[in-house]
There are 2 protein chains.
Amino acid sequence: MDKDKIDKKDHILDVAERIFSDLGFDGASTRMISGEAGVNMAMLNYYFGSKEGLFLAVFERKISSFQTLLQNIGNDESMSSWDKLEKCIDNYVDRMIVNNCFQKLINREMSMGKRWDLTDKITEILMINVMELKKIFEEGIKNGSFGKGIDPELMIATIFGTKNYIINAPHIASLMLGHDIRDEEFLEEKFKPRFKTYMKQLLKSYLMNDNDYTK
Amino acid sequence: MDKDKIDKKDHILDVAERIFSDLGFDGASTRMISGEAGVNMAMLNYYFGSKEGLFLAVFERKISSFQTLLQNIGNDESMSSWDKLEKCIDNYVDRMIVNNCFQKLINREMSMGKRWDLTDKITEILMINVMELKKIFEEGIKNGSFGKGIDPELMIATIFGTKNYIINAPHIASLMLGHDIRDEEFLEEKFKPRFKTYMKQLLKSYLMNDNDYTK
DNA sequence: CAAAATTAATCAAACGATTGATTGGCTTGG
DNA sequence: CCAAGCCAATCAATCGTTTGATTAATTTTG
């Protein structure tokens with residue numbers, strides 16, 4: 001049956017995603033992935049062409065679920081610029097917890113200079129989110145919701161950067177917060193609300209200033 | 001001469017630092033490092049014992065140069081809490097540019113779970129900076145300079161996170177800013193001042209609010 | 001319908017390349 | 001001369017990938 005084939009490919013992708021996330025692209029070996037997935041090594045190349053093809057397949061599957069999610073926030077005419085921004089933040093925070101292994105994987109690969117075709121594809125995807133935010137900021141400036149003196153680009157760096165910092169350095173974050181960040185209950189009940197609140201206050205304070213720098 | 005030996009070891013460490021930073025531990029090969037350093041491959045093992053030994057040597061050299069560099073601004077009685085924070089930001093931004101290769105290396109290694117002895121060591125170093133900032137924030141809250149409702153821990157995440165985002169994803173950052181972030185002249189003349197200004201305004205807006213959340 | 005032909009899926013084995021590490025001998029300064 | 005510095009050659013291991021054979025499934029044909 002066709003169903004079985006898809007299930008098997010999906011199972012391979014599940015295993016590959018976990019191993020890639022844990023060990024990175026270089027650290028993960030095709031033998032390990034095939035072994036853990038219970039399939040013959042040659043199947044990886046048979047199905048996905050190459051190790052890199054497998055990695056891309058993992059990536060594409062993951063992001064296809066993202067793509068549509070936040071796409072239409074920006075185009076919603078009924079929301080104010082600030083409401084859109086709030087919605088984006090809620091979205092990012094919720095997703096960052098669920099997919100933190102995968103996010104780590106992306107961040108690691110992005111910081112690596114090599115494998116240009118790969119990073120190009122990742123860049124392409126990430127830039128969608130970036131542009132989405134940028135659009136909201138620029139719209140907000142135009143219609144006067146946000147101060148004229150704000151720096152949209154660096155604000156984006158702050159939004160993603162703060163999120164990534166927590167994800168990439170959970171060891172440090174845990175020490176800082178006085179609680180293991182990987183504890184799911186703590187994450188869900190304490191950290192997520194706190195993080196959302198903080199982010200919104202931080203951005204709001206900055207955005208609602210005119211930040212006039214012509215002292 | 002002994003001097004020559006030290007110079008050569010140092011040169012190897014220079015090259016190794018750059019290559020490890022660019023390609024990661026797994027991605028960097030001993031042949032590449034030795035080749036680019038212009039020494040025989042066997043010399044790496046002769047000097048440093050192993051690839052991991054070389055990696056550790058890169059770290060220790062860099063860390064030892066850090067140790068002395070960051071002195072406690074926090075204990076200066078003559079500065080206001082805000083002035084201290086400003087000074088810290090200037091410090092971090094300046095340093096981030098100089099050592100961005102190494103910073104990348106640290107961030108990657110921290111996000112990777114393995115090599116615990118190493119991450120423990122890195123954590124120790126990074127926590128010094130974290131605690132320094134935390135002290136300033138808490139002092140500012142206590143003496144009324146900063147609003148009571150602020151979230152010091154997440155602010156720290158924002159400061160380091162924003163910085164790391166630029167460093168780790170220069171490809172994205174460059175696209176965002178419309179200019180290659182690795183262009184040194186642009187970095188020094190345009191980006192650094194802009195980044196400092198943004199950071200200070202962002203933090204100031206947030207800190208000077210009372211952020212009362214009991215709506 | 002049944003036999004033959006074709007295609008798809010799977011496997012063990014081996015491929016060439018590259019990895020980090022080691023050897024043994026050559027060179028050289030003290 | 002002799003230890004330290006150095007290097008070409010080589011090691012076993014592992015890497016991602018390919019192969020050719022085998023089985024299972026599907027389609028075609030008489």
Side-chain angles (χ1 to χ4, degrees), chain A residues 1-60 105 108-109 112-119 121, chain B residues 1-60 105 108-109 112 114-115 117-118:
Chain A
M1 257 205 190
D2 208 24
K3 185 74 184 318
D4 286 349
K5 199 183 90 180
I6 294 175
D7 281 353
K8 178 174 278 187
K9 282 180 83 166
D10 242 50
H11 176 239
I12 293 176
L13 288 174
D14 286 337
V15 173
E17 181 180 324
R18 203 190 66 242
I19 295 186
F20 274 136
S21 297
D22 287 343
L23 305 175
F25 183 84
D26 288 320
S29 82
T30 54
R31 284 172 168 79
M32 194 182 304
I33 294 172
S34 64
E36 206 141 327
V39 302
N40 190 277
M41 236 178 35
M43 297 313 294
L44 300 190
N45 295 288
Y46 181 71
Y47 280 137
F48 306 102
S50 67
K51 184 186 185 183
E52 191 161 310
L54 173 59
F55 187 85
L56 277 172
V58 169
F59 187 75
E60 307 225 348
L105 174 58
R108 220 180 2 241
E109 281 315 309
M112 211 92 77
K114 56 173 185 173
R115 281 189 292 278
W116 282 98
D117 44 342
L118 206 67
T119 53
K121 204 153 219 166
Chain B
M1 257 209 189
D2 209 24
K3 184 73 182 322
D4 287 349
K5 200 183 86 179
I6 293 176
D7 280 352
K8 177 175 278 189
K9 283 180 80 167
D10 243 48
H11 176 239
I12 293 176
L13 288 174
D14 285 338
V15 174
E17 181 180 322
R18 204 190 66 242
I19 295 187
F20 275 135
S21 300
D22 287 342
L23 305 176
F25 183 82
D26 290 320
S29 81
T30 54
R31 279 172 227 280
M32 193 183 303
I33 294 172
S34 64
E36 206 140 325
V39 302
N40 189 277
M41 236 185 46
M43 298 313 294
L44 301 189
N45 296 290
Y46 180 72
Y47 281 139
F48 306 103
S50 67
K51 185 187 184 181
E52 189 156 318
L54 171 60
F55 189 78
L56 279 171
V58 169
F59 255 99
E60 308 240 343
L105 180 55
R108 205 176 10 245
E109 217 41 53
M112 207 92 76
K114 46 181 187 171
R115 281 187 289 276
D117 49 340
L118 203 66

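Heavy-atom basis, side chains included; hydrogens, waters and symmetry copies ignored. Order of the sequence lines sets the chain letters (A, B, ...), proteins ahead of strands, with each chain counted from 1.
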With the criterion being N/O to N/O and under 3.5 Å, what pairs connect the protein with nucleotides 19-23 of chain C, and how long is each?
unit_1 : atom_1 : unit_2 : atom_2 : d
C:dT19 : O4     : B:R31  : NH2    : 3.3
C:dG20 : OP1    : B:A28  : O      : 3.2
C:dG20 : OP1    : B:K51  : NZ     : 2.6
C:dG20 : OP2    : B:T30  : N      : 2.8
C:dG20 : OP2    : B:T30  : OG1    : 3.0
C:dG20 : N7     : B:R31  : NH2    : 3.0
C:dG20 : O6     : B:R31  : NH2    : 2.6
C:dA21 : OP2    : B:N45  : OD1    : 3.3
C:dA21 : OP2    : B:K51  : N      : 2.8

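- Taking B:E17 as the reference, B:R61, B:K62 meet the side-chain hydrogen bond (donor to acceptor under 3.5 Å, both in side chains) condition, with sequence neighbours excluded.
- Under the side-chain contact (heavy atoms from CB on, under 4.5 Å) criterion, B:A57 pairs with B:L13, B:F48, sequence neighbours left out.
- Separating the CD1 atom of B:I12 from the C1' atom of D:dG5 is a distance of 12 Å, rounded to the nearest angstrom.
- One can place OH of B:Y47 at 9 Å from P of D:dC7, the figure rounded to the nearest angstrom.
- Under the 6.0 Å cut-off for aromatic ring centres, B:F59 and B:F55 qualify, their centroids lying closer than that.
- For the pair B:M43 CE and D:dA9 C1', the interatomic distance rounds to 16 Å; values are reported in whole Å.
- Between A:F48 atom CZ and C:dT10 atom P there is a gap of 12 Å when expressed in whole angstrom units.
- Contacts classified as salt bridge (charged side-chain N to carboxylate O under 4.0 Å, His left out) and involving residues 23-51 of chain B (residues at least two apart or in different chains) are given here: B:R18-B:E36, B:D26-B:K114.
- Atom CG in A:L44 sits roughly 14 Å away from atom P in C:dA12 (whole-Å rounding).
- Phosphate contact (OP1/OP2 of C:dA9, side-chain N/O of A:K8, threshold under 4.0 Å): absent.
- Although no hydrogens or angles enter the test, the distance criterion places a donor-acceptor pair under 3.5 Å between the side chain of B:R108 and the main chain of B:F20.
- Looking at residues two or more places apart in sequence or on another chain, you find a side-chain contact (heavy atoms from CB on, under 4.5 Å) between A:N40 and A:A42, A:M43.
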